[in-house]
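Below is one structure, written out as structure tokens; comments come after it.
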Protein chains: 2
Amino acid sequence: MERSDAGGTRASIADVARGAGVSTASVSRSLRGLGGVSEGTRARVVQVARELGYAISPGASSLRSGRTRSIAVVTPFIDRWFFGRALGAFESVLQQADLHVLLHSLHGSAEARRRLFAERILHRRVDAVLIMCLKLEQHEIDALRALDVPVALLGSHAVDFSSVAIDDFSAAREAVDHLTGLGHRRIGLIGGSPVDPLHFTAPVERRAGYRDALKSAGIARDRELEADADYTVAGGERAMARLLDLPQRPTAVFVESDEMAFGALRFLRDARVRVPDDLSVVGIDDHEMSHLVNLTTVAQPVAEQGAAAAHALLAALADRSRPPSRVMHPTRLVVRGTTAAPRGT
Amino acid sequence: MERSDAGGTRASIADVARGAGVSTASVSRSLRGLGGVSEGTRARVVQVARELGYAISPGASSLRSGRTRSIAVVTPFIDRWFFGRALGAFESVLQQADLHVLLHSLHGSAEARRRLFAERILHRRVDAVLIMCLKLEQHEIDALRALDVPVALLGSHAVDFSSVAIDDFSAAREAVDHLTGLGHRRIGLIGGSPVDPLHFTAPVERRAGYRDALKSAGIARDRELEADADYTVAGGERAMARLLDLPQRPTAVFVESDEMAFGALRFLRDARVRVPDDLSVVGIDDHEMSHLVNLTTVAQPVAEQGAAAAHALLAALADRSRPPSRVMHPTRLVVRGTTAAPRGT
DNA sequence: CTGAAAGCGCTTACAG
DNA sequence: CTGAAAGCGCTTACAG
């Protein structure tokens, strides 16, 4: 029968060694499943450890071994769909590998980002690091390398590190090609600001994909049709308002994320603009709410990216000499009810 | 100018002591801002530490001091609105206090929950623990107490620990009172299963509030009108389908969460049931998407609860003799467009 | 104000 | 297969 009394809580490896009549070295080897211990010894040690309610001291273990069994994840936000979902899958894989996840959110703050790298907050505290969706500056790459642990990126790339992402450029092209294929010529963009202090990767790539799609369709670019937002529902709402204020309204809008698209749809409904009759809308993500509002979008596999990032780190931990890997996950256009041919065609 | 070379990365407290011509004790005191050091010494130490790129070894520090500067948060899910938002606010407060957050998700698994407590996964690894939304069993409370660190609960209560929550019973009453006030008599429930293996607190309390509101309005309870779901959009959809299949349909439905309500609304739209003309719907949460679908709901302050939980833990850390606190956050009915008087009134 | 020294609890060569 | 011992890098009484 398992019990854990107050005394048991404080049992150290020396207590277990004493109880089993062996050295602390043998206890360490037995409990970690290492070779070089007889089965009899191991069984006795395991038994005594359980009786005493022994639990290793992570601090002592990591001081000696240099391994912390923790992995940091640096994320711009926690409370947004993409990040929550990627994080969940990431954490799940690592938990199964008996690793802990240190959560470090930037909360959208460039200052928090600066502090993270300048103050060596992760130093010696983790065995590996995942960076979500940030376009890294060279000095940040240097700071990460100085940590001397495997680093992986989710949603961006850097030559030095393993990365997992979708092809944001192609995803945007897919969305806008769908619109031009339907016959639209005047196509707006609601996207992240290119001057966002946090420097996300997606806005830059997706905007480039949008422009490229227009070019391929022989449509001249009109800077007025590009509205900046901040990847939130409210931001999408405001950006849509600006687009509708234009002397020459677009007949379709490509929105860089589903959450912004929700905001755009909301504004259109209130403004009595019919979708897709008067205006088509296409997003990126396939957010879990998208089917509710019947949004046409380019789906990306989010949980899969989180899990892949975890596996990349696990592989790097198992073999430190392994070269960085780069995984691109596929996207897929999901046509629903918010897109149609422009009126009068 | 700040630099961090490879050598700097490995500097230890002894290196700093040597560089500054003082003992390691003085370095420790200087860097932690403790008293008993002259300003001249402190300045010199700080300067040398910066030059060498010194960063403390968390393992060594915690081995000696017993403090890890980490706080664990145990959450049933990461990728749901409520949890992401509460978690974000929680982490933000702790980060500002120079504390780290260890994220441990149960991923909805009762087995993961069992393992967490049985295998002493948090033992000596954290200075405090936050438990989200779980109704704790006695043996779990015992296991948490054996950790010998402050524990706080968010979304549930236990006599031994500090807690932060809303009054789920009242929130449900508020929602259902609104419905009965409008004249509804046949009111359905879409709620969490009372036999969910994870034992959440909210479903039990909210269902009780629903029943109490009916009773106060003199309406007999009809078990058929209570549909079990799992707090997901898809679950809300399925539950709504079952309610519509009833020989005698409800004229209104109280849904225990906005996310389930979204699913319910989706089903109603596809089934061509008009809301609120044919059927009223009210939720709980005030999810960020709720205003998009015009959902009437009972708002709860989620980020505030996360921040309050962090502050409760901070206070306990500062004064271990402080008795457990219990904070109840207010809820507020937000009437939008999914509720109205029943037809023919 | 300062330093010498003990010791936190492990892991890891090393020797047998 | 096993153990004695060193040492990881700090913090903390203690003494001066």
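Numbers restart at 1 for each chain; the letters A, B, ... are given by sequence-line order, proteins then strands.
Closest contact between the side chain of A:S38 and the listed nucleotides D:dT2, C:dC8, C:dG3 involves D:dT2. Taking the side chain of B:S26 as heavy atoms from C-beta on, and the options C:dT11, C:dG3, D:dG9, the nearest nucleotide is C:dG3. Counting only heavy atoms from C-beta on, B:R64 has its side chain closest to D:dT12 among C:dT2, D:dT12, C:dG9. Distance from the side chain of A:I56 is smallest for C:dC10 among the nucleotides D:dG9, C:dT2, C:dC10. Closest to the side chain of A:A25, out of C:dT12, C:dA4, C:dT2, is C:dT12. Looking at the side chain of B:S61, the nearest of the listed nucleotides C:dT2, D:dC10, D:dG9 is D:dC10.
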- request: Kindly indicate, with the supporting measurements, whether the criterion salt bridge (Lys or Arg N to Asp or Glu O under 4.0 Å) is fulfilled by A:R145 and A:D160.
  value: CA-CA 9 Å; A:R145 296 189 57 137; A:D160 306 83; 2.5 Å; yes
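Atom CZ of A:R326 is surrounded by more than 12 heavy atoms from other residues, nucleotides or ligands within 6.0 Å.
As rounded to whole Å, 14 Å separates atom C1' of D:dA4 from atom CD1 of A:I13. Going from atom CZ of B:R32 over to atom C1' of D:dG9 covers 13 Å, rounded to whole Å. Counting to the nearest Å, the P atom of C:dT11 and the CG atom of A:L31 are 9 Å from each other. Atom CZ of A:R18 is separated from atom C1' of D:dG3 by 15 Å (rounded to the nearest Å). The CG-P distance, from A:L52 to C:dG9, rounds to 14 Å in whole Å.
The partner of D:dA13 cannot be assigned: no Watson-Crick or G-U wobble pair with both contacts below 3.5 Å exists in any strand. Using N1 to N3 plus N6-O4 or O6-N4 for Watson-Crick, or N1-O2 and O6-N3 for G-U wobble, each under 3.5 Å, C:dA4 pairs with nothing.
B:H104 and A:E91 share no donor-acceptor pair across their side chains, judged by distance under 3.5 Å alone. Between the side chains of A:S38 and A:R42, no donor-acceptor pair of N or O atoms lies under 3.5 Å. For B:Q95 and B:H100, the side-chain atoms include no donor-acceptor pair closer than 3.5 Å.
OP1 or OP2 of D:dT11 has not a single side-chain nitrogen or oxygen of B:S65 nearer than 4.0 Å. At D:dT12, one or more side-chain N or O atoms of B:R67 fall inside 4.0 Å of OP1 or OP2 (strictly under the cut-off). Side-chain nitrogen and oxygen atoms of B:S28 include none within less than 4.0 Å of the OP1 or OP2 phosphate oxygen of D:dT12. Distances shown here put every side-chain N or O of A:S57 at or beyond 4.0 Å from the OP1 or OP2 atom of C:dC8.
Note that A:R80 lies in the cation-pi zone of A:F77, set by a 6.0 Å cut-off to the ring centre and a 45° limit from the axis.
When heavy atoms are screened at a 4.0 angstrom cut-off, B:T41 is found touching the sugar-phosphate backbone but no base atom.
Both B:T24 and B:L63 lie close to DNA chain C; mapped to their nearest nucleotides by heavy-atom distance, the more 5′-ward contact belongs to B:T24. Nucleotides of DNA chain C nearest to B:V37 and B:A60 differ in position, and the one nearer the 5' end is that of B:V37.
At a cut-off of 3.5 angstrom, the base of D:dG3 holds at least one donor-acceptor pair with the side chain of A:R29.
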